[in-house]
Amino acid sequence: MKKMKLYHITGAILTIGLLTFSSCEKALKVDPRQSIDIETALNSTGNINAAITGVYSRIKSTRTYGRDLTLFGDALADNGRFTNKSGRFSGETRNLPNAHFANWGTYYVGINEINLILEAIPQLVTVPAVTQAQKDLWEGQLRFLRALFYFDLAREYAYIPGAVVPSLDKGGIPILTKGVKSINDAMLVLPARAPINDVYALIRTDLTTAEARLGNLGLSPALASKQAAQALMARVALYTKDYATAKTYADLVIANQGSKLMNSGNYVSGWRRAVNPESIFEATFTINAENVGVNESLQTSLTTLLVAGNPAVTGGFGDLVPTNSLLADLGITFSGANITARSTDVRNLLYETGTTGRGTAAIECTKY
């Protein structure tokens with residue numbers, strides 16, 4: 001519910017261009033993109049592009065930025081309480097065992113895909129030959145995504161550097177930088193948790209490479225860019241208490257893009273736009289089939305409202321709503337579920353009284 005990200009990710013998949021074919025016969029000859037033999041999966045420019053698109057799609061999973069990475073922080077902290085309108089998030093709001101982030105497999109599958117693509121790029125032989133600029137762009141995107149995946153995993157499954165409880169420290173997370181192509185290969189690669197500092201060192205190395213390979217942020221933040229790598233580097237440095245580096249990289253983004261911060265005049269409308277004005281990197285849902293579903297989306301999880309400002313129509317469950325202390329911190333005065341006054345803090349305009357369609361009404365977050 002609180003917006004805490006330096007870089008803004010709304011959660012989804014890289015925009016995919018539609019392929020058109022001159023005839024049905026030609027279309028039937030196209031190799032399937034979701035079940036290609038491992039020996040031929042990465043042997044053409046088209047297959048490399050399709051594989052990278054698949055890596056971007058990991059971000060849209062319900063377990064990652066499709067819902068959990070955005071929502072669970074508030075559920076596990078003191079910002080959100082569960083309403084029991086669908087039974088979800090009861091364990092997370094009480095911090096019960098096994099009621100936490102569950103994207104280990106999602107991200108490590110993505111990391112293995114990245115490793116396989118990185119290994120395939122130097123071996124790619126095509127006519128005409130792939131340019132070095134294209135190879136750099138591929139590598140930059142993949143290194144950025146691997147850094148993002150490892151950073152998210154490290155934040156969820158290990159201590160933050162400098163804030164370690166020695167008696168409970170299990171180390172960082174396993175580091176995998178080589179791809180495996182079969183279950184048998186995977187059984188031979190069972191790495192232990194690497195030291196926390198080693199994980200962050202890999203993240204920094206990947207981001208340094210990504211920054212050098214990627215171009216500047218253009219009109220759309222749907223693809224990784226130089227500024228996305230710099231923004232993520234600033235966040236990583238902040239987590240490692242390297243404040244000078246955090247400032248340096250944040251300044252680089254601001255120098256290229258401006259502050260991008262919304263103000264009181266466009267804050268609410270900015271959250272209603274397809275591309276948030278603050279976005280430096282985001283992945284975009286392009287078709288309805290990519291939606292995580294009406295039962296698990298951020299909107300249905302956080303509010304019963306189908307349309308902001310219209311409590312007559314119920315559209316979601318409103319499973320997680322702000323605690324009274326968060327509402328007070330946002331400058332919202334309320335009586336029960338009725339908002340009686342708001343401070344000048346523009347953020348509180350994204351909180352409204354929900355519907356009674358799922359039971360007792362509550363003040364809900366309408367940001368998504």
Side-chain angles (χ1 to χ4, degrees), residues 9 11-17 31-66 68-69 101-124 126 130 134-154 156-157 173-191 194 199 202-203 205-207 209-210 213-214 222-225 228-229 232 281-286 290 292:
I9 302 180
I13 188 172
L14 157 69
T15 303
I16 305 171
D31 292 335
R33 282 293 183 266
Q34 296 187 12
S35 58
I36 302 174
D37 184 89
I38 192 65
E39 297 303 323
T40 61
L42 301 173
N43 67 352
S44 72
T45 299
N47 284 349
I48 293 287
N49 283 325
I52 293 174
T53 297
V55 176
Y56 274 99
S57 74
R58 301 292 170 191
I59 301 171
K60 75 172 182 177
S61 165
T62 304
R63 304 283 80 84
T64 56
Y65 289 96
D68 292 358
L69 272 172
F101 298 99
N103 54 29
W104 184 277
T106 304
Y107 271 154
Y108 272 109
V109 168
I111 288 168
N112 189 57
E113 291 171 338
I114 289 169
N115 293 338
L116 289 171
I117 302 168
L118 286 173
E119 292 164 8
I121 290 172
Q123 310 301 322
L124 189 62
T126 63
V130 178
Q134 178 63 74
K135 291 180 180 181
D136 288 347
L137 179 59
W138 284 337
E139 183 181 3
Q141 293 180 78
L142 293 165
R143 295 274 191 167
F144 171 83
L145 290 168
R146 190 168 70 177
L148 176 64
F149 291 3
Y150 272 122
F151 184 48
D152 287 342
L153 287 167
E156 295 162 4
Y157 297 102
I173 55 175
I175 291 177
L176 297 171
T177 56
K178 293 185 178 181
V180 295
K181 298 181 179 180
S182 69
I183 294 177
N184 290 336
D185 289 344
M187 293 303 294
L188 299 175
V189 183
L190 299 173
V199 177
L202 172 65
I203 294 168
T205 298
D206 272 348
L207 289 175
T209 302
R213 301 284 190 273
L214 293 169
L223 292 174
S225 66
L232 186 53
F281 168 73
E282 67 179 33
T284 307
F285 290 98
T286 56
E290 295 170 341
V292 297

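Sequence positions, counted from 1, serve as the residue numbers for this chain.
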With heavy-atom distances below 4.5 Å as the criterion, would you say the side chains of [X] and [Y] are in contact?
X	Y	result
Pro191	Leu176	yes
Leu223	Phe281	no
Leu69	Glu156	yes
Ile59	Tyr107	no
Leu232	Phe144	yes

Provide the closest heavy-atom pair for [X] versus [Y] in the form atom of the first, atom of the second, distance.
X	Y	result
Gly179	Asn112	CA-OD1, 3.2 Å
Lys60	Val292	O-CG1, 3.3 Å
Tyr157	Phe101	OH-O, 3.2 Å
Ala194	Ile175	CB-CD1, 3.7 Å
Val109	Arg58	CG1-NH2, 3.3 Å
Ile114	Leu142	CG2-O, 3.7 Å

Do Tyr65 and Glu282 meet the criterion of a side-chain donor-acceptor pair at a distance under 3.5 Å?
no
When rounded to the nearest 0.5 angstrom, what is the spacing between [atom1] in [X] and [atom2] in [Y]?
X	Y	atom1	atom2	result
Leu207	Phe151	CG	CZ	9.5 Å
Ile48	Leu118	CD1	CG	9.5 Å
Ile111	Leu153	CD1	CG	5.5 Å
Met187	Asp185	CE	CG	11.5 Å

Which residues share a side chain to side chain contact (heavy atoms under 4.5 Å, CB included) with [X], sequence neighbours left out:
X	answer
Thr209	Glu139, Arg143, Arg213
Ser225	Leu217, Gln227, Ala228
Val130	Thr45, Leu124, Thr126, Gln134, Lys135, Trp138
Pro122	none

Taking only residues two or more places apart in sequence or in another chain, which ones pass ring pair (Phe, Tyr, Trp, His ring centres under 6.0 Å) with Tyr150?
none
Using a 6.0 Å cut-off, check whether atom CG of Leu188 has over 12 heavy atoms from anything other than its own residue.
yes
Sub-3.5 Å donor-acceptor pair from the side chain of Thr64 to the main-chain atoms of Ser61, do we have one?
yes
So that I know where these two stand, are Phe149 and Tyr108 an aromatic pair - ring centroids less than 6.0 Å apart?
no
For Asn115, enumerate each residue passing the side-chain hydrogen bond (donor to acceptor under 3.5 Å, both in side chains) test, keeping only those at least two apart in sequence or located in another chain.
Arg146
Have a look at Arg63 and tell me which of Thr106, Asp68, Asn103 forms a side-chain hydrogen bond (donor to acceptor under 3.5 Å, both in side chains) with it.
Asp68
